Student: 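Before I ask anything, here is the structure I am working with.
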Amino acid sequence: MNYSDYQTTSVIPNASSMIETFRAIGYSIETSIADIIDNSISAEAKNVWVDFEWKGSGTWISIKDDGFGMSNEELINAMRPGSKNPLDERNASDLGRYGLGLKTASFSQCRKLSVVSKSKESEFSYWTWDLDFVNLTGKWELIKYLPDNEFENKLEDLESGTIVIWNDIDRLVKDANENDNKALDKFLQTMEFVKKHLAIVFHRFIEKGKIKIWFQNRILEAWNPFLLEETSTQSFPAEPLFSGSVILKGYILPHKSKLSAEKFKIAEGVKGWNGHQGFYIYRNDRLLVSGDWLGLFRKEEHYKLTRISIDLPNNLDSDWQIDIKKSIARPPVILKDQIKAYAINVRSQAVEVYRHRGKTVKVLPGQIFVPFWKEHKRGDKWLHVINREHPILDNIKKQAITEPEKAVETLLKFIEETIPAKSIYIKEAEEADLQAKPFEGIDSEPVLNIMKQMYSSLVQNGKTDLQAKSIIKNIEPFNNFPHLIDLLN
Ligand SMILES: Nc1ncnc2c1ncn2[C@@H]1O[C@H](COP(=O)(O)OP(=O)(O)OP(=O)(O)O)[C@@H](O)[C@H]1O
Ligand SMILES: [Mg+2]
C-alpha cells in the first residue's frame, strides 16, 4: 500500500478515559506488586524492599530496589504507556514484554504513582502520574511531585536504584479512617497474602541467591512447591519439548502421613493442597501460574499430590499467550497432547500414593498380601467386594456357632473400619457410570427373601399389609426395589 496516496488524521487517545481503562485490566494487589518486582529483577537488583505505612486512606506502599536505575530521560520513557514494543527482542533474563506493567499494575491499585530513580551516571530524578490531574487536564502529562520528601532520601545510601511509590490506594483503603482497626486488620491480612504470593512467585530467584526480598524489613523465605528436601518426594525425569526450549518435570509430593504437621501446613501454600495441584509455569524462573491444569483436567482430591513444572524462555510469549499481568499462560495447541500425556503418567502414579497413604505394600518373596477389600468387575460395572478368602472370616464363622451376636458385631466392625473410602471415591469420580448399584446385574432373590421374612414378622406383630410395605419401603437397600415390594403378600 502506498500510504502517501491517502489523507490522514491523527486520533490521540483520550488521556483520562484511556488511563481509567488501564485500571480495569484485572490486576489484584499481589499480581501488581509482583509485576513491579519483575522490573527490579530485570534491572539486576540484588535487593528489593517492599514497605508500607498504614495511614487510613493516606496509606502508601513502596517498592524499592538497588538495580541499575534510570536517568531522567529513561524515567520519563519508563512512565510512558507502551514504553517498549512487545515485538522487540528482549534480553534473555528480562521479565518484561509489553512496556506497560509499571503503569497498569500501579494504576490498578492507586491514583498516584511516583517513581524516583537514579543510575550510577545520573543524579536522582522523580516523576508522578496523578490520575486526578490527568482527569482534570485530559493530557498525558506527568507532574514533578513527590508525596513526601522522605522518599527522596530513601535512595541516598544506594549507588543506583529505583523506588516506586503508590499513594491514594483507592482500591485497597478508599475512605478508610486511620483509627479504624477493622480496616487496618483487613489491610494487614491482604499484605500478609501479598507476602506469601511473592514468596511463591520469586522462589527460584530467592533460592538461587539472586535476590533478597525484604518485606517490611524482614527477609522473605522462598516457598518451593515441590518439597525437594523431603526424601519421600518422587520426581520424574524431565521431558524436553519444542527442541528443548520447554521443559516438563513432574513431582509427586509425599502423603500427609510422611510429612511433619508443620511441613504439611507450609506446603498447603495460599490455595490449599487441592488448589495447588497442577502445572507450575515458569518464564525465566519467574512463576506465572501456580497450580492449574490448564483446562486439560479437573482439580480433584485424589490428584492433590501432583505438581508439574513447565519451564519457558521469554521468547515464546506469543505462542503461550502470556498476558500483561504475567498471570496467565496457555500451551500452544501443538504441545497440548504431549503435555497431557506426560501429566497423565504423573497423575496416575500420584493417585497410588494418595490411595495407599504413601505406603507401598512390601511383600516378602514367597508371601502373598491378603487384602480385606478387593475391586471387582461384575459385567461391565465395578464394585468393591470383601475378600471371601480372608482368614478373619474363618474365625468369625467359628465364633458365630457359639456367640452369633458377637460374631456379627465383629464382622460389622471390620467392615466399618476398613471401608476403602478412597478407592471408592476415586472410582466414583473417575467413571461414575461404571460403578455398580446395589444388586445391579445379579439375582435379587436374596433381597426378596429377606423382605419376605420381614414382611411376615411385621404382619404377625399386627401391622396391616400397607403399613408393613411402607416400613420396608423406607429401609435401605429395599427402597431401591419397589417392584419387589409389590410382590409381598
Ligand atoms: N525498577 C526499575 N529499574 C530500572 N528500570 C525500570 C524499572 N522499572 C521500570 N523500568 C524501565 O521501565 C520500562 C517500562 O517498565 P514496564 O513495567 O512498564 O514495562 P516492561 O517491564 O518493559 O514490560 P511489561 O509490560 O511486560 O512489564 C522497563 O522496560 C524498564 O526499562
Ligand atoms: Mg515490567
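Keep in mind that this is a model prediction, so the values were computed, not measured. Note that ligands are numbered from 1 as they come in the structure, with each ligand's atoms numbered from 1 the same way. What you see below is based on every heavy atom in this structure, not just the backbone, and it leaves out hydrogens, waters and symmetry mates.
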Student: Nearest 0.5 Å, please: how far is CZ in Phe264 from CG in Leu253?
Tutor: 10.5 Å
Student: Please check this pair: side chain of Tyr251 against backbone of Pro225, looking for a donor-acceptor N/O pair closer than 3.5 Å.
Tutor: no
Student: Kindly confirm or rule out a cation-pi arrangement of Arg347 over Trp293, judged by NZ or CZ under 6.0 Å from the six-membered ring centre and within 45° of its axis?
Tutor: yes
Student: Given Lys64, which partner from the list Asp51, Val164, Ile163 fulfils the side chain to side chain contact (heavy atoms under 4.5 Å, CB included) test?
Tutor: Ile163
Student: If you draw the axis of the six-membered ring of Tyr126, does the NZ or CZ of Lys144 fall within 45° of it and under 6.0 Å from the ring centre?
Tutor: yes
Student: Is there a donor-acceptor contact under 3.5 Å from the side chain of Lys139 to the main chain of Phe133?
Tutor: no
Student: Under 6.0 Å from the ring centre and within 45 degrees of the ring axis: does the NZ or CZ of Arg307 meet both conditions for the six-membered ring of Tyr280?
Tutor: no
Student: For the Mg ion (ligand 2), which protein N/O/S atoms fall under 2.8 Å? Skip waters.
Tutor: Asn39 OD1
Student: Just list the N/O pairs, ligand 1 to protein, that are under 3.5 Å apart, with the distance for each.
Tutor:
residue	atom	partner	partner atom	Å
ligand 1	1 (N)	Asp65	OD2	2.9
ligand 1	3 (N)	Thr162	OG1	3.4
ligand 1	17 (O)	Asn39	OD1	3.0
ligand 1	17 (O)	Asn39	ND2	2.8
ligand 1	17 (O)	Leu102	N	2.9
ligand 1	18 (O)	Leu100	N	3.4
ligand 1	18 (O)	Gly101	N	3.3
ligand 1	18 (O)	Leu102	N	3.1
ligand 1	18 (O)	Lys103	NZ	2.6
ligand 1	19 (O)	Leu100	N	3.4
ligand 1	21 (O)	Asn39	OD1	2.9
ligand 1	22 (O)	Arg90	NH1	3.0
ligand 1	22 (O)	Arg90	NH2	2.9
ligand 1	23 (O)	Arg97	N	3.1
ligand 1	23 (O)	Tyr98	N	3.3
ligand 1	23 (O)	Gly99	N	3.0
ligand 1	25 (O)	Tyr98	N	3.4
ligand 1	25 (O)	Gly99	N	3.1
ligand 1	25 (O)	Leu100	N	2.7
ligand 1	25 (O)	Gly101	N	2.8
ligand 1	26 (O)	Arg97	N	2.5
ligand 1	26 (O)	Tyr98	N	2.9
ligand 1	26 (O)	Lys326	NZ	2.7
ligand 1	29 (O)	Lys84	NZ	2.9
ligand 1	31 (O)	Lys84	NZ	3.3

Student: Got a sec, which residues hit side-chain hydrogen bond (donor to acceptor under 3.5 Å, both in side chains) with Lys208, two or more places apart in sequence or on another chain?
Tutor: Asp285
Student: Taking side chain to side chain contact (heavy atoms under 4.5 Å, CB included) as the test, write out the residues that go with Phe242, two or more places apart.
Tutor: Ser245, Val246, Leu316, Ile334, Leu335
